[in-house]
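Throughout, a chain's letter reflects where its sequence line sits, starting with A, and its residues are numbered from 1.
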2 protein chains.
Amino acid sequence: MDTKSQMIEIATNLFQQKGYKGVGVNEILKVCNITKGALYHHFPNGKEELLIACLKNMDEAITTDIEVIFERCQTTMEALHAMIEKLVANLDREGTITGYTFSSIVSEMASLSEPVRNACSDLYTKMQGIYSKKLVADGFSKETAHSIALMMTATIEGGIMLCLTRKTSEPLKIISQGLPNLLKGFI
Amino acid sequence: MDTKSQMIEIATNLFQQKGYKGVGVNEILKVCNITKGALYHHFPNGKEELLIACLKNMDEAITTDIEVIFERCQTTMEALHAMIEKLVANLDREGTITGYTFSSIVSEMASLSEPVRNACSDLYTKMQGIYSKKLVADGFSKETAHSIALMMTATIEGGIMLCLTRKTSEPLKIISQGLPNLLKGFI
DNA sequence: CTCCACATACCAACCGTTCTGTTTTAAACT
DNA sequence: AGTTTAAAACAGAACGGTTGGTATGTGGAG
């Protein structure tokens, strides 16, 4: 793997876990086993440019990952259960959540950097779009599907926050059980 | 108002908006118009102790605020609408959200400081408790109420994240409209 | 000989914290 | 009431460490 890709891969993980300001460039360089020269060679605009590259990387990773799940599963609910199960497994195994979320980055940077905010917004919109499409296939109207997709996105993101706070995967499990009722209510 | 209370008041606002690492002690001192001596006199353990004091302050503020709303409103849904309306108004007016949320602190600090994580966990639990109680009064069983309350907490917190990312209050408005369907689904 | 991909050394700015010194407050004693 | 005294409530300089960023050096590939 080339140096640049490796940097993005590692930095993505660190940013997801500790947020933007929570990770210093020196820490990233140490884990990557490279030096300042390499970083500022590939990312002349420094840390923020690296973050945006990481967000683009997450975009691809998350989008394709979710799309695979949503293609394999028959209904939206099945797909959601599979998604959350993956999150729960990840959380139980590693103690942190590395996929499907970037809440720490949003809450830190949304008001500080427009490029970062836009990248995050795009990612949310993309995820929501995948949900929405499947919901339409499930028989919901376009507007209803849009509303449900938004609520699903919010609920999962909020659920992750609760899991991190409680140090348990319980909240996401309960959400996984409760989500079908959300769809039921919209019929 | 005494210096200590003023510090907590101002720091609470700053922490909510910019997160923990996003605010330097110097910035806090500047806004408060005090110096290092005052800070480390009232909070010998420095910044983190101040943060915990802020979380306790938020606990009281949020709890009493929500409790008032939930007492005034007949049903859980009415109360929720009122709550979200308040959030939306705040967001439309000031561009940031200062009440009912501390997502930035959670995502930054949950894995770094146990005292902070516990304080956040307590706050979520308390909010959830208020929802839950009202839901039982609405006729739901205890377990069902607990599940719904958790989902409501997650959805609102996630909705706030979406609003910050999109720079619009639209997500919360849609959630406010969609939430009744969540309750409907549980019946 | 040149250009790319780094390494190394260095920098100013800022971080949170600690220190010592000064003022203010208020109770205690004459 | 006036003085003494001790503690509380600050002010402000100084500290070591870390931050993100830059300027220059260097080895290898073409």
Note to self: Could you tell me how far apart B/Glu49 (CD) and C/dT18 (C1') are, to the nearest whole angstrom?
What the structure shows: 15 Å
Next item on the list: Determine whether the side chains of A/Ser113 and A/Glu48 contain a donor N or O and an acceptor N or O closer than 3.5 Å.
Entry: yes
Notebook entry, point to check: Could you walk me through whether A/Glu9 and A/Lys4 pass the salt bridge (charged side-chain N to carboxylate O under 4.0 Å, His left out) check?
Noted result: CA-CA 9 Å; A/Glu9 205 71 29; A/Lys4 189 172 181 178; over 6 Å; no
Note to self: If I take atom CG in residue B/Asn33 and atom P in nucleotide D/dA9, what distance separates them, rounded to the nearest angstrom?
What the structure shows: 19 Å
Item checked: B/Tyr40 side chain, from C-beta outward: closest of D/dG20, C/dG16, D/dC10 -> C/dG16
Margin query: Under a plain distance cut-off of 3.5 Å, with no hydrogens placed, do A/Asp65 and A/Tyr100 share a side-chain donor-acceptor pair?
Written below: yes
Margin query: Does either side chain, that of B/Glu85 or that of B/Ser176, offer a donor lying less than 3.5 Å from an acceptor on the other one?
Written below: no
Checklist line | Phosphate OP1/OP2 of C/dC6: any A/His41 side-chain N/O under 4.0 Å | finding: no
Notebook entry, point to check: What residues in residues 8-31 of chain B put a non-hydrogen atom under 4.0 Å from any atom of DNA chain D?
Noted result: none
Notebook entry, point to check: Are A/Ser111 and B/Gln17 linked by a side-chain donor-acceptor pair shorter than 3.5 Å?
Noted result: no
Item checked: Side-chain donor-acceptor pair present, B/Ser5, B/Asp2, cut-off under 3.5 Å -> yes
Next item on the list: Write down the distance between CG (A/Leu39) and P (C/dT8), rounded to a whole number of angstrom.
Entry: 15 Å
Next item on the list: Please round to the nearest 0.5 Å and tell me the distance separating atom CZ of A/Phe70 and atom OH of A/Tyr131.
Entry: 5.5 Å
Note to self: Rounding to an integer number of Å, can you tell me how far B/Lys47 NZ sits from C/dG16 C1'?
What the structure shows: 8 Å
Next item on the list: Can you figure out which of D/dA11, C/dT8, D/dC10 approaches the side chain of B/Ile34 most closely?
Entry: D/dA11
Next item on the list: Might you point out which heavy atoms bring B/Glu157 and B/Phe102 nearest each other, and give the distance in Å?
Entry: OE2-N, 3.9 Å
Notebook entry, point to check: With a non-hydrogen cut-off below 4.0 angstrom, is B/Lys36 in contact with a base, only sugar-phosphate, or nothing?
Noted result: base
Next item on the list: Determine whether the side chains of B/Asp138 and B/Thr75 contain a donor N or O and an acceptor N or O closer than 3.5 Å.
Entry: no
Check: Are A/Thr3 and C/dA5 close enough that a side-chain N or O sits under 4.0 Å from OP1 or OP2?
Finding: no
Margin query: If the cut-off is 4.0 Å, is A/His42 near the phosphate of C/dA5, judged by side-chain N/O to OP1 or OP2?
Written below: no
Notebook entry, point to check: Hey, what bend do you get for the helix from C/dC1-D/dG30 to C/dT30-D/dA1 if you fit axes on five pairs at each end, rounded to 10°?
Noted result: 0°
